[in-house]
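Worksheet: one structure, shown below.
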Amino acid sequence: MTDAAALPGQPRGGVLSGPATARAVNVLAPNPSAMTLDGTNTWLLSEPDSDLAVVVDPGPLDDGHLRQVVATAEQAGKRVALTLLTHGHPDHAEGAVRFAELTGTRVRALDPALRLGDEGLASGDVITTGGLELRVVPTPGHTADSLSFHLPADRAVLTGDTILGRGTTVVAHPDGRLGDYLDTLRRLRSLTVDDGVHTVLPGHGPVLEDAQGAVEYYLAHRANRLAQVETAVEDGYRTPADVVAHVYADVDRSLWPAAELSVRAQLDYLEEHGLI
């Protein structure tokens, strides 16, 4: 058995649902899969002494899960006052409209198509609800609309699918772009170096105790994969499918369609930079 402390980002062991930091509680959605890991992490955030809470990523359209999020808040003596989305993929956002009906909240997101209410989210926005402070961090790359939320009081960042609690994420071509994703990882690294962030609250998988280690691992992984793809093209593997079969031969074949999205993003990046 591998010691979690030896894994990238030092993933926390134990049950995923429940308190993660002084201000963050995870309500795990019942949608496990190869792509969603244990399921979607729906984050319930609040100041300990406040009766108002913020929910990040209600998750799939599963009425039982959405009601469980509301019940978890109510059991803690809190009312959900605002819903936020890290991005628009269905496993994070499909339940948002129904959740808004259950809670009477607005839904704020970068993509106007996902919003309920007049307010969106943009770089530099600071959300204050019930004394809770969340800072909006643009983190495109996985998707164009991906955001993270910096929770300064807990020295934590909620990353959606940008950094996962286990494994690595997909650059979802054509919406996701590798150049944007590399810039995002550098931006997150600066949060760990300059702003003292040490905990990652991901959209899937366990909490990571070593945020800087996780970001460094992701940067190294991306550099390694990019070099492998470049070499594969030089060796005559031309189509994305051929590159996947060669470079990702050690990856479960059920994940190859997702890997092909990342390969397409990598091929675009190499072409844009004149490397192939």
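Reckoned from all heavy atoms, side chains included, excluding hydrogens, waters and symmetry mates.
Counting heavy atoms from C-beta outward, Arg23 and Ser46 have side chains that stay 4.5 Å or more apart. At a threshold of 4.5 Å between non-hydrogen side-chain atoms, the residues Arg189 and Glu216 count as touching. With contacts defined as side-chain heavy-atom distances shorter than 4.5 Å, the pair Leu84/Val55 does not qualify. For the pair Ile127/Arg108, a side-chain contact is recorded, criterion being any heavy-atom separation below 4.5 Å from C-beta on. At a threshold of 4.5 Å between non-hydrogen side-chain atoms, the residues Leu151 and Val157 do not count as touching.
Within a 6.0 Å radius of CZ in Arg177, other residues, nucleotides and ligands contribute 12 heavy atoms or fewer. Annotation: Glu271, atom CD; neighbour count of heavy atoms from other residues, nucleotides and ligands within 6.0 Å does not exceed 12. Heavy atoms from other residues, nucleotides or ligands lying under 6.0 Å from CG of Asn224 number more than 12. Within a 6.0 Å sphere centred on CZ of Arg238, other residues, nucleotides and ligands contribute more than 12 heavy atoms.
Close placement of the His92 and His204 rings is indicated, their centers lying within 6.0 Å of each other.
When the side chains of ILVMFWY residues are joined at heavy-atom separations under 4.5 Å, either directly or via intervening members, Leu208 and Leu219 end up in a single hydrophobic cluster. Taking hydrophobic clusters as Ile, Leu, Val, Met, Phe, Trp and Tyr residues chained together by side-chain heavy-atom distances below 4.5 Å, Val136 does not share a cluster with Leu85. In this structure, Trp256 is a member of the same hydrophobic cluster as Tyr237, with clusters built from ILVMFWY side-chain heavy atoms closer than 4.5 Å. At a threshold of 4.5 Å between side-chain heavy atoms, the hydrophobic network of Ile, Leu, Val, Met, Phe, Trp and Tyr places Phe149 and Val25 in two separate groups. Note on Val233 and Leu178: same hydrophobic cluster, where clusters join Ile, Leu, Val, Met, Phe, Trp and Tyr whose side-chain heavy atoms are under 4.5 Å apart, directly or indirectly.
Note on ring orientation: taking the six-membered ring where Trp is involved, the planes of His89 and His87 are perpendicular (angle over 60°, cut-offs 30° and 60°).
The side chain to side chain contact (heavy atoms under 4.5 Å, CB included) test with Asn26 singles out one residue from Leu44, Thr72, Asn41, and that residue is Asn41.
In this structure, the side chain of Trp43 does not engage the main chain of Pro58 through any donor-acceptor pair within 3.5 Å. Here the side chain of Thr42 pairs a donor or acceptor atom with the backbone of Asp57 at under 3.5 angstrom.
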